[in-house]
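Note that ligands are numbered from 1 as they come in the structure, with each ligand's atoms numbered from 1 the same way.
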Amino acid sequence: MDEPPIQHHTAEHGTPAMATRARDSIEDPIMTARCVNVYYGEKHAVKNVSLDIGRNQVLAMIGPSGCGKSTFLRCLNRMNDTIPSARVDGVITLDGQDIYDRKQDVAQLRARVGIVFQKPTPFPQSIYANVAYGPRIHGLAKNRGDMDELVNTSLQRAGLWDEVKDRLSQPGTSLSGGQQQRLCIARTIAVNPEVILMDEPTSALDPIASAKIEDLIDELKANYAIAIVTHNMQQAARVSQRTAYFHMGDLVEVGPTNLIFTNPQQKLTEDYITGRFG
Ligand SMILES: Nc1ncnc2c1ncn2[C@@H]1O[C@H](COP(=O)(O)OP(=O)(O)O)[C@@H](O)[C@H]1O
Ligand SMILES: [Mg+2]
């Protein structure tokens with residue numbers, strides 16, 4: 001596939017030209033986005049964004065409210081398909097395959113690229129059933145023993161097993177907010193994803209529950225690629241290896257997290273991280 005260079009952002013629709021500075025190159029990315037535009041009717045919410053997601057690392061997406069972070073994130077597993085006014089163009093690949101290809105099975109894609117939202121959203125069912133739901137739909141367990149194993153492993157990986165092992169038949173909604181969010185992460189893990197997307201996963205949680213999720217994200221990157229949207233810059237600095245700064249639909253700058261926070265190349269990024277803006 002032709003790979004346009006990453007520093008190619010051109011002005012469109014009368015917006016000022018904005019050259020994205022990419023200061024890293026990703027070897028063998030698990031996902032690539034090239035020239036992605038998203039429109040909600042007339043509203044141009046994501047403007048010509050090109051960005052890679054690396055394997056076994058965390059990409060943080062930061063920027064002021066309304067800059068298109070969630071919209072871009074939702075392109076990566078075609079959640080925008082569910083919004084009637086949304087139109088996506090550009091090319092997004094997972095393991096080299098175009099995820100917007102006509103032949104792509106969208107349910108399969110969303111198993112491979114899972115998503116965790118801001119508000120924990122357990123189903124009104126037992127803890128066990130919440131985790132077993134995806135594997136059941138996708139036929140991942142041959143029998144009850146297999147399913148028990150899968151539920152156990154997923155809860156372990158989500159750092160929740162010890163807290164729930166004696167109460168698997170209780171409702172998911174009986175858990176605390178932080179536990180519910182880890183249950184949602186377990187549910188995502190249970191269908192064996194390659195990429196986990198997280199949209200402000202701790203913004204509804206208290207600091208202790210948030211810290212647990214941050215520790216978990218750090219562990220999860222051993223097995224998954226992670227892209228996280230956060231409005232919390234300290235969180236981005238703590239959990240990610242790469243950071244992308246968005247501003248009014250443009251990807252302004254992306255690079256190693258330590259460089260973005262200590263030596264941003266773009267004034268817009270600097271203004272945001274120093275708190276002058278946003
Ligand atoms: N479903 C929608 N319909 C119309 N406009 C939307 C919709 N979702 C988001 N937008 C608009 O798109 C822009 C980007 O929104 P969003 O991706 O949610 O930003 P962020 O996550 O960075 O806060 C905003 O101007 C927002 O109002
Ligand atoms: Mg958002």
Approximate separation, where rounding is to 0.5 Å, of Gln57 CD and Ile30 CD1: 10.5 Å

Under a plain distance cut-off of 3.5 Å, with no hydrogens placed, do Arg110 and Asn77 share a side-chain donor-acceptor pair? no

Tyr100 six-ring face occupied by Arg34 cation (under 6.0 Å, within 45°): no

With sequence neighbours excluded, what pairs up with Tyr40 under the ring pair (Phe, Tyr, Trp, His ring centres under 6.0 Å) test? none

Taking a 3.5 Å cut-off between nitrogen or oxygen atoms, can you list every pair linking ligand 1 to the protein, with distances?
residue, atom, partner, partner atom, Å
ligand 1, 17 (O), Thr71, N, 2.9
ligand 1, 17 (O), Thr71, OG1, 2.5
ligand 1, 19 (O), Gly68, N, 3.2
ligand 1, 21 (O), Ser70, N, 3.0
ligand 1, 21 (O), Ser70, OG, 2.8
ligand 1, 22 (O), Cys67, N, 3.2
ligand 1, 22 (O), Gly68, N, 3.1
ligand 1, 22 (O), Lys69, N, 3.0
ligand 1, 22 (O), Lys69, NZ, 2.8
ligand 1, 23 (O), Gly66, N, 2.7
ligand 1, 25 (O), Lys43, NZ, 3.3

Could you tell me whether the side chain of Lys47 and the main chain of Met248 form a donor-acceptor pair under 3.5 Å? yes

Should we say atom CD of Gln97 is surrounded by more than 12 heavy atoms from elsewhere, each under 6.0 Å from it? no

Please determine whether Gln118 has a backbone or side-chain N, O or S atom lying under 2.8 Å from the Mg ion (ligand 2). no

